[in-house]
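Residue numbers run from 1 in the order of the sequence given. Counting convention: from 1, in listed order, for ligands and their atoms alike. Just so it is clear, the values below take in all heavy atoms, side chains as well, and ignore hydrogens, waters and symmetry mates. These figures come from a predicted structure and were not determined experimentally.
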Amino acid sequence: MIPSENPSSLLQEIVRMFYLQRCGEALQPEYAGDFAHPACHTAPSRIYGTESRISVPGGWHDAGDYGRYTAPAAKAVSDLLLAYEAAPSLFPDETGIPESGNGIPDVLDEARWEIEWMLRMMRPDGAVYHKVTCAHFCGMIPPHLEQEETILSPVSTTATGSVCGALALASRIYQDYDSAFAQSCRKAARLAYSFLSSSPPLPFHNPPGIETGEYDDACDTDERFFAAASLFAATGESMFLADAKELLRKALPISFGWEDMAGYGYIACLRSPFAAQDGAFALALREALLAEADRLVVRSDGNSYGVSLNEPFPWGSNMYLLNHTILIGEANRLRPSERYANAVQRQLNYIFGNNPLSICYVTGFGNQSPQHPHHRPSAAAGKPMPGMLVGGPDSYLHDPRAKELLLGKPAMQCYLDDVESYSTNEVAIYWNSALVYAIALTRPDQQLSPAT
Ligand code: G3I
Ligand code: 9MR
Ligand code: ZN
C-alpha cells in the first residue's frame with residue numbers, strides 16, 4: 001500500500017528532504033523550488049562558556065527547528081548508509097540535487113554533506129560537541145532569518161560514541177567511491193574512540209541559558225558499543241572486537257534510536273567482511289537479533305494495524321515503529337520468512353495510511369497527509385515541504401495544544417495536524433532516515449513495486 005502514484009518518486013522525495021534541510025549553503029530555486037533560500041547560519045559559532053569562536057558550517061537542520069545535533073545526526077547518517085548498502089539500485093544519481101550526475105548515488109552525496117559537518121564538530125582531542133544551536137528556538141521564520149549567534153554546547157560521550165560509529169561505517173561505504181575520504185572518516189573515528197576510551201561518561205544536559213533540544217541520554221554504553229563494533233567491522237582489529245564483546249555483556253537493547261544505538265553495532269558487524277574472524281560472536285549477534293525480531297513480530301501479529309509498538313506511544317512514535325521495522329527487515333535478510341516480510345509491509349502500511357486516522361504521515365503523499373507540520377520552512381512558505389515524515393501520535397500529550405485537544409483519546413489517535421503540536425506534528429531528519437532504511441529493506445537490490 002505504498003501510496004504513491006509512482007513509488008520510486010516517494011523514496012526520492014523522502015531522500016530529497018535532506019537536501020532541503022541543508023544548512024550553510026544557498027538552496028537554489030532550480031533544486032529547492034518554494035524552499036529556496038540564501039545561505040543560513042554561516043557565522044562562526046561561540047564555544048559555550050567562552051568567547052572563542054570556531055566555524056562549523058554545513059550539515060542539516062535537525063527538524064522543524066534549525067538546531068544541528070550530532071547524536072541524532074549519527075543515527076540519520078547510519079540509516080542512509082545502511083539503506084544504500086542494502087539496496088543500492090533504489091538510489092539513483094539523478095534526484096535533482098546539485099551533485100546529481102557526478103557518478104556517485106545522490107544519497108551518498110547527501111550523507112557526505114552531514115558527515116563533513118560531523119567532522120567539523122569534533123574537537124582536536126576527538127570529543128564531539130553535542131550540538132550547535134541558538135540559545136532559544138526562533139519563531140516560524142525561514143532559516144536565513146535566524147540570525148542570533150550560534151553556540152556550541154559542551155561535548156558528550158553519547159554524541160562522541162555515535163559519531164565515532166557512524167564515521168567508521170562511512171569509512172567502509174565510501175571506500176569504493178573516494179578512498180581518501182573513507183580514510184579520513186576512519187582516522188577521525190579512531191580519534192573519537194581514543195577520547196572515549198579515556199573518558200568517564202559525559203552525559204549531556206542543557207547548560208544554563210541554552211533551551212534548544214536536549215537529546216539527553218543517561219547511558220552511553222550502547223554508543224560505546226556501536227563505536228567499538230563499527231570500528232571492528234571497518235578495520236578487523238582485535239582490540240575493537242574485544243571491547244565490543246565486553247560492552248555487549250551489559251545486555252543492551254537491540255535498538256536503532258538516537259538514544260539507543262546498539263542495533264547499529266549489530267548490523268555493522270553482521271555485514272562486515274571481518275565478521276568471520278569470530279564466528280561465535282557473529283552467531284551470538286545473529287541469534288539475538290532474530291530473537292528480538294520474533295518478539296516484535298508476535299506483537300505486530302497481535303495488533304489490528306500490524307503495529308509492534310506498545311502503548312503508550314512516545315514522542316516520535318512513527319520513528320520507534322520504523323526502528324522496529326528496520327530490525328525485522330534486517331532479520332528478514334538474515335533468515336528470509338514471509339512472516340517477517342509481512343510485518344515489515346504492515347508497519348509501513350500503517351505509516352502510509354492504514355491507521356485509525358487514515359492519514360499518510362508523509363507530507364505530499366496519499367489521500368490525506370499533514371498540511372501543517374511543525375516545520376519552520378513550511379510555515380514560512382505557507383505550504384508543507386514534501387517528503388517529510390511527521391512524528392505521529394504521542395499519547396503523553398507533550399505540548400499544550402495536544403493537552404487541550406487530545407485528552408482521553410486512544411494512543412493511535414493522539415495526533416494533530418496542527419503547526420502548534422510539536423510533539424505530534426514535527427518532522428526530523430532521523431525520522432525520515434528511518435523511513436528510508438525501512439523502505440530499502442522491503443526490496444533489497446530491487447525496484448519498489450507499484451502501489452497495491
Ligand atoms: O525514556 C523515557 C521513558 O523511560 C519514559 O517511559 C517515557 C515517558 O515519559 O519517556 C521517555 O523519554 C522521552 C524521550 O523523548 C525518549 O523517547 C521523553 O519523555 C520525551 O519528552 C522525549 O522527546 C524528545 C523530544 O525531543 C523532547 O526532548 C524526542 O524523542 C525527540 O525526538 C525530540 O527531538 C526534538 C529536538 O529536541 C529538537 N528538534 C526537534 C526534535 C523533534 O521533535
Ligand atoms: O519549535 C520547537 C521544536 O522544534 C521542539 O521540538 C520543541 C520541543 O523542544 O520545542 C519547540 O519550540 C517550542 C518551545 O519548546 C516552547 N514554546 C513554543 C515553541 C514552538 O513554537
Ligand atoms: Zn542553517
Side-chain angles (χ1 to χ4, degrees), residues 20-27 35 37-43 45 56-73 75-76 113-114 117 130-148 150 153 158 204-206 210-219 222 253 255-260 309-323 372-380 388-392 394-403 411 418-434:
L20 296 172
Q21 292 286 105
R22 280 191 197 181
C23 183
E25 79 168 3
L27 300 194
F35 299 96
H37 63 76
C40 54
H41 305 107
T42 50
S45 305
V56 290
W60 304 311
H61 301 133
D62 180 59
D65 64 320
Y66 298 128
R68 288 168 288 152
Y69 308 78
T70 44
K75 170 180 167 51
W113 177 263
E114 185 78 342
W117 166 75
H130 197 76
K131 61 176 175 176
V132 56
T133 68
C134 297
H136 312 281
F137 291 117
C138 65
M140 289 293 168
I141 54 177
H144 60 289
L145 297 184
E146 189 187 59
Q147 288 177 349
E148 302 286 299
T150 51
S153 282
T158 51
F204 183 81
H205 295 291
N206 269 338
I210 302 286
E211 290 179 0
T212 46
E214 200 160 40
Y215 292 111
D216 54 320
D217 174 2
C219 172
D222 50 298
S255 295
F256 296 82
W258 55 262
E259 72 276 60
D260 286 312
L309 273 189
N310 278 337
E311 297 183 8
F313 275 22
W315 187 322
S317 64
N318 283 341
M319 176 199 75
Y320 291 97
L321 181 68
L322 288 166
N323 291 347
H372 308 287
H374 185 85
H375 180 248
R376 287 167 174 75
S378 298
M388 303 189 299
L389 174 70
V390 298
D394 173 0
S395 55
Y396 290 98
L397 311 184
H398 275 119
D399 66 68
R401 186 52 60 93
K403 284 191 174 70
D418 184 323
V419 69
E420 304 270 314
S421 182
Y422 47 81
S423 69
T424 74
N425 210 27
E426 192 165 358
V427 307
I429 52 171
Y430 52 98
W431 299 342
N432 258 57
S433 64

Listed by chain and number, what are the side-chain hydrogen bond (donor to acceptor under 3.5 Å, both in side chains) partners of Tyr422, not counting sequence neighbours?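 None.
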For Ser423, enumerate each residue passing the side-chain hydrogen bond (donor to acceptor under 3.5 Å, both in side chains) test, keeping only those at least two apart in sequence or located in another chain.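 side-chain hydrogen bond (donor to acceptor under 3.5 Å, both in side chains) check on Ser423 returns Asp399.
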Using the rule side-chain hydrogen bond (donor to acceptor under 3.5 Å, both in side chains), only one of Thr158, Asp62, Asn206, Thr70 pairs with Tyr215; which is it? Asp62
Which atom pairs, nitrogen or oxygen on both sides, join ligand 2 and the protein at under 3.5 angstrom?
unit_1	atom_1	unit_2	atom_2	d
ligand 2	1 (O)	His374	NE2	2.6
ligand 2	1 (O)	Arg376	NH1	3.0
ligand 2	1 (O)	Arg376	NH2	2.7
ligand 2	4 (O)	Glu426	OE1	3.2
ligand 2	4 (O)	Glu426	OE2	2.7
ligand 2	6 (O)	Glu426	OE1	2.6

N/O/S atom of Cys23 inside 2.8 Å of the Zn ion (ligand 3), strictly under: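 Within the cut-off used here (under 2.8 Å), Cys23 does place an N, O or S atom near the Zn ion (ligand 3).
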Using every non-hydrogen atom in the two residues, find where [X] and [Y] come nearest and quote the distance to one decimal.
| X | Y | value |
| --- | --- | --- |
| His61 | Arg22 | CE1-O, 3.8 Å |
| Gly392 | Asn318 | CA-ND2, 3.4 Å |
| Trp117 | Ala73 | CZ3-CB, 3.7 Å |

Decide yes or no on side chain to side chain contact (heavy atoms under 4.5 Å, CB included) for Thr212 and His136, but give the supporting numbers first. CA-CA 6 Å; Thr212 46; His136 312 281; 5.8 Å; no
Atom of His41 closest to the Zn ion (ligand 3), considering N, O or S atoms: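 Of all N, O or S atoms in His41, the Zn ion (ligand 3) lies closest to ND1.
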Please round to the nearest 0.5 Å and tell me the distance separating atom OH of Tyr320 and atom CG of Asp394. 10.0 Å
Roughly how far, to the nearest 0.5 Å, is the CE atom of Met319 from the CH2 atom of Trp431?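 Answer for the CH2-CE pair, Trp431 versus Met319, is 8.0 Å.
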For the pair His144 and His37, name the ring-plane relationship: parallel under 30°, tilted 30 to 60°, perpendicular over 60°.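 Geometry flag for His37 against His144: parallel rings.
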Under 4.0 Å from ligand 1, counting heavy atoms only: the protein residues, by chain and number: Asp62, Ala63, Asp65, Tyr69, Gly213, Tyr215, Trp258, Glu259, Trp315, Tyr320, Tyr396, His398, Glu426, Tyr430, Trp431
Which angle, to the nearest 10 degrees, do you find at the Zn ion (ligand 3) between NE2 in His61 and SG in Cys40?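 Once rounded, the angle between the two atoms at the Zn ion (ligand 3) is 100°.
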Would you mind reporting whether Glu148 and His41 have side-chain heavy atoms less than 4.5 Å apart? no
